[in-house]
Visitor: 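Let me begin by handing over the structure; questions about it come next.
Since the model is a prediction, treat every value here as computed from it, not as a measurement. Residues take their numbers from the sequence shown, with the count starting at 1.
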Amino acid sequence: MAKALSGILKHTFVFAYGLFTLILYGLTAIRKGFFFRGTTEKEHLELQLARDRFWNLSKTWSGLSHHYIILRNGFKFHYVSNDPPEGPAADKPLIIFIHGFPDSWAVWRHLLKSKALQEAATLVAVDLPGYGGTDSLEEYSSTNVLESLAGFIIAIRAKYGIDTDAGIRQRRTVIVSHDWGCVLSMRLAAEAPQLADRFILSNGPLVSMVASNIRRSLSSSLKMFKTALRSPIKSRSTLYKAIKSLKPVARQLLLSGYIFVMQLPMPFVVYLGTGGNYSFLKLAHKGSYGNSPFSLEDAAECMASSLGPSVEECRTQTYDGEGYPASVVKERALGNFQHMARYYREKAATSRWQKSIETIADLHSISGGNELHRASSGAGLFDDGLTGVLKAHSTIIWGKADIALDPQICLNGFSDYLVRNSQVVELPRSGHFTPLERESCAALTRAVEWAAGGEKEDIGAAIQRDYPDAVVTVRK
């Protein structure tokens with residue numbers, strides 16, 4: 001009975017808080033003039049042009065062309081690459097970019113334009129399942145999403161000659177990720193570290209560590225409250241400390257309101273993504289540029305990145321005759337927000353990844369039969385250490401003015417979850433969308449160049465050339 005009552009109370013709170021947040025977003029959109037304002041003819045034209053630039057499979061964009069990889073089960077991944085027509089360069093490292101919510105490969109557009117990066121490495125920017133031009137999944141569980149993503153990375157490594165019959169790990173592989181891409185990449189770094197030599201992870205929570213920090217804060221606050229209640233007048237300072245210790249948790253709860261909206265019945269969720277003339281997405285897009293200038297073209301490109309291809313682009317094909325998957329053509333060409341939401345609804349971040357025999361064999365092959373146990377994160381041969389510890393070399397680049405994630409909850413104790421040759425770099429003036437804000441984008445670009453070039457200098461010195469106030473807060 002008590003368990004059932006607890007479940008009812010939990011579902012009631014989630015529904016009530018989600019509905020409250022949805023109404024709050026609507027009021028904010030009205031106050032800022034987004035909700036009732038229709039799309040002008042010029043805005044509509046800019047969006048059409050942006051979707052054609054990003055999603056017309058027959059065209060190149062800034063030196064990158066569209067490609068598809070089909071996994072063993074027939075699942076189709078869309079990605080863009082600077083892969084030349086004559087074939088991939090044999091001596092370049094491979095850089096794989098993985099986006100987050102509510103974006104696509106195009107969130108990396110400012111980094112991908114870098115001529116220095118294009119000359120130094122093979123660049124691959126992929127659309128996650130259910131996003132952009134990639135196939136949809138029947139269920140967005142951890143197993144389905146991570147199996148697909150790992151399968152893509154394994155296939156890309158094979159295509160670009162990272163792993164061949166002549167030997168494995170022929171060249172460096174770097175995975176760069178943001179937001180949901182960061183959450184999933186942290187799972188890969190923890191459970192399939194063989195996939196890359198370096199993970200560059202930006203503004204996405206390490207879920208197990210965040211949960212641990214929240215539990216610790218709640219436990220500490222509860223103990224102080226109990227102490228203060230014995231003598232309220234004399235224990236005012238203890239009571240103040242108890243309330244203060246809850247501040248990061250309360251702030252994260254406020255910032256995470258949209259996650260509660262994602263748990264509402266699907267009509268509410270679809271309304272969040274499309275209602276009020278896409279006001280929620282437009283608010284997110286404007287905020288994604290931080291203090292950087294935000295032009296009409298920027299707004300159109302952000303919306304094109306979120307919406308993916310239209311019916312018009314779905315008629316196009318790549319140079320080798322590949323078209324968009326049927327799930328994109330038949331369903332998502334008119335809207336894919338519900339697929340984005342299902343990552344939250346179906347526990348893509350938190351449920352267990354049950355690896356297939358094929359994935360286990362592929363990972364074993366990449367590791368050369370030597371499973372990676374890199375010191376020193378507390379993980380050893382018979383002890384995996386803390387839950388979720390990142391077993392691959394990792395560089396966390398974090399915009400501290402994040403509008404979705406509290407830095408105290410998301411960064412405290414990170415050192416315990418990292419292996420040797422890992423770092424945390426904080427960007428004090430930057431927000432959540434580090435690939436889009438001008439300063440943080442420059443910092444990320446430097447970090448990718450550093451990783452692609454063999455990590456020959458200090459990561460802090462490399463980033464500080466473009467972001468002088470960047471601080472390396474953790475070195476392992």
Side-chain angles (χ1 to χ4, degrees), residues 17 21 100-101 177-183 185-187 189-190 199-225 227-228 237-260 284 287-288 290-291 344 349-350 377-378 385-390 394-418 422-434 437 439-440 443-444 459-460 463 467 469-476:
Y17 189 52
T21 304
F101 170 86
S177 57
H178 173 252
D179 188 76
W180 255 107
C182 180
V183 173
S185 294
M186 286 177 173
R187 291 289 301 269
F199 286 78
I200 297 177
L201 307 158
S202 184
N203 284 74
L206 179 54
V207 177
S208 57
M209 188 185 76
V210 168
S212 176
N213 283 343
I214 289 174
R215 286 194 299 269
R216 187 181 299 111
S217 180
L218 291 174
S219 176
S220 174
S221 179
L222 181 61
K223 289 177 182 177
M224 286 188 282
F225 270 121
T227 301
S237 62
T238 304
L239 189 62
Y240 173 74
K241 289 178 182 177
I243 295 171
K244 188 177 180 181
S245 70
L246 283 177
K247 185 177 178 182
V249 178
R251 183 171 186 271
Q252 185 58 63
L253 182 64
L254 180 65
L255 295 176
S256 299
Y258 70 98
I259 298 177
F260 289 80
S288 69
N291 295 321
Y344 297 92
T350 56
S377 62
L386 295 168
T387 301
V389 66
L390 308 185
S394 303
T395 300
I396 315 299
I397 298 181
W398 196 275
K400 286 195 72 176
D402 197 307
I403 59 172
L405 299 166
D406 180 83
Q408 193 168 335
I409 290 292
C410 294
L411 294 179
N412 281 4
F414 225 129
S415 179
D416 296 335
Y417 289 80
L418 297 174
S422 296
Q423 312 86 15
V424 175
V425 183
E426 295 183 12
L427 309 178
R429 292 186 304 278
S430 300
H432 179 75
F433 289 90
T434 46
E437 292 184 38
E439 278 190 309
S440 55
L444 267 177
I459 180 64
I463 290 177
Y467 202 123
D469 296 336
V471 180
V472 182
T473 56
V474 176
R475 295 180 189 271
K476 292 278 291 212

Visitor: To the nearest 0.5 angstrom, please state how far the CG atom of Leu201 sits from the CD1 atom of Ile397.
Guide: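 Atom-to-atom, Leu201:CG and Ile397:CD1 are 9.0 Å apart.
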Visitor: Looking at every heavy atom in both Leu427 and Ser440, which two are closest together, and how far apart are they?
Guide: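 Scanning both residues, the minimum pair turns out to be CD1-CB, 3.8 Å.
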Visitor: Let me confirm one number: the CG-CG distance from Leu246 to Leu253, rounded to the nearest 0.5 Å.
Guide: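 So the gap between those two atoms works out to 11.0 Å.
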Visitor: Got a second to check how far Leu411's CG is from Glu426's CD, nearest 0.5 Å?
Guide: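 Output value for this atom pair is 5.0 Å.
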Visitor: Taking atom types as modelled and ignoring hydrogens, do the side chains of Asn203 and Asp402 form a donor-acceptor contact shorter than 3.5 angstrom?
Guide: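 The answer is yes; a qualifying pair exists.
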Visitor: Can you say whether the rings of His178 and His432 are parallel (under 30°), tilted (30 to 60°) or perpendicular (over 60°)?
Guide: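 Because their plane-to-plane angle lies in the 30° to 60° range, the rings of His178 and His432 count as tilted.
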Visitor: Mind checking side chain to side chain contact (heavy atoms under 4.5 Å, CB included) for Pro248 and listing every partner two or more places apart, or none if nothing turns up?
Guide: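 Side chain to side chain contact (heavy atoms under 4.5 Å, CB included) list for Pro248, sorted by chain: Asp406, Gln408, Ile409.
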Visitor: Please give me the minimum heavy-atom distance between Cys410 and Gln252, naming the atom from each residue.
Guide: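 Distance-wise, the nearest heavy atoms are SG-OE1, 4.2 Å.
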Visitor: Could you pull out the closest heavy-atom pair between Leu255 and Ala404, with the gap in Å?
Guide: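 In this case the closest contact between Leu255 and Ala404 is CB-O, 3.6 Å.
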Visitor: Around atom CG of Asn291, are there more than 12 heavy atoms from other residues, nucleotides or ligands closer than 6.0 Å?
Guide: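 No, the 6.0 Å shell around CG holds no more than 12 heavy atoms from other groups.
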Visitor: Could you tell me the separation between the OH atom of Tyr467 and the OG atom of Ser430, rounded to the nearest 0.5 Å?
Guide: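 Between atom OH of Tyr467 and atom OG of Ser430 there are 3.0 Å.
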Visitor: Please identify each residue that fulfils ring pair (Phe, Tyr, Trp, His ring centres under 6.0 Å) with Phe199, with sequence neighbours left out.
Guide: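 By the ring pair (Phe, Tyr, Trp, His ring centres under 6.0 Å) rule, Phe199 matches no residue at all.
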Visitor: Does Ser245 offer a backbone N or O that forms a donor-acceptor pair with the side chain of Ser217 under 3.5 Å?
Guide: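 Checking the backbone N and O of Ser245 against the side chain of Ser217, a donor-acceptor pair under 3.5 Å is found.
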Visitor: Which distance, rounded to the nearest 0.5 Å, do you find between the SG of Cys182 and the CD1 of Ile200?
Guide: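 Going from SG on Cys182 over to CD1 on Ile200, the span is 11.5 Å.
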Visitor: Strictly distance-based, threshold 3.5 Å: is any side-chain N or O of Ser221 a donor or acceptor partner for the main-chain N or O of Ala242?
Guide: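 Checking the backbone N and O of Ala242 against the side chain of Ser221, a donor-acceptor pair under 3.5 Å is found.
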Visitor: For the atom pair CD1 (Ile214) and CE (Met209), what is the distance rounded to the nearest 0.5 Å?
Guide: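 These two atoms lie 10.5 Å from each other.
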Visitor: Determine, stepwise, if the pair Leu405 / Val210 fulfils side-chain contact (heavy atoms from CB on, under 4.5 Å).
Guide: CA-CA 10 Å; Leu405 299 166; Val210 168; over 6 Å; no
Visitor: Under the side-chain contact (heavy atoms from CB on, under 4.5 Å) rule, what do Leu418 and Val424 come out as? Steps first, then yes or no, please.
Guide: CA-CA 9 Å; Leu418 297 174; Val424 175; 3.9 Å; yes
Visitor: Counting only N and O atoms by type, is there a donor-acceptor contact under 3.5 Å from the side chain of Thr238 to the main-chain atoms of Met224?
Guide: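 A pair under 3.5 Å: no.
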Visitor: Of the non-hydrogen atoms in Tyr258 and Thr21, which two are nearest, and what is the gap between them?
Guide: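 Nearest pair, atom of Tyr258 first, then Thr21: N-CG2, 3.9 Å.
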Visitor: Phe101 and Asp179: which non-hydrogen atoms are nearest, and at how many Å?
Guide: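 Looking at all heavy atoms of both residues, the shortest contact is N-OD2, 2.8 Å.
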Visitor: Does the side chain of Ser220 pick up a donor-acceptor pair with the side chain of Arg216 at under 3.5 Å?
Guide: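 Their side chains do not contain a donor-acceptor pair, so the 3.5 Å distance test is not met.
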Visitor: Asn412 side chain to Asn213 main-chain N or O, any donor-acceptor pair under 3.5 Å?
Guide: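 It does not hold such a pair.
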Visitor: Might you work through the side-chain contact (heavy atoms from CB on, under 4.5 Å) test for Tyr417 and Ser212, ending with a clear yes or no?
Guide: CA-CA 12 Å; Tyr417 289 80; Ser212 176; 4.1 Å; yes
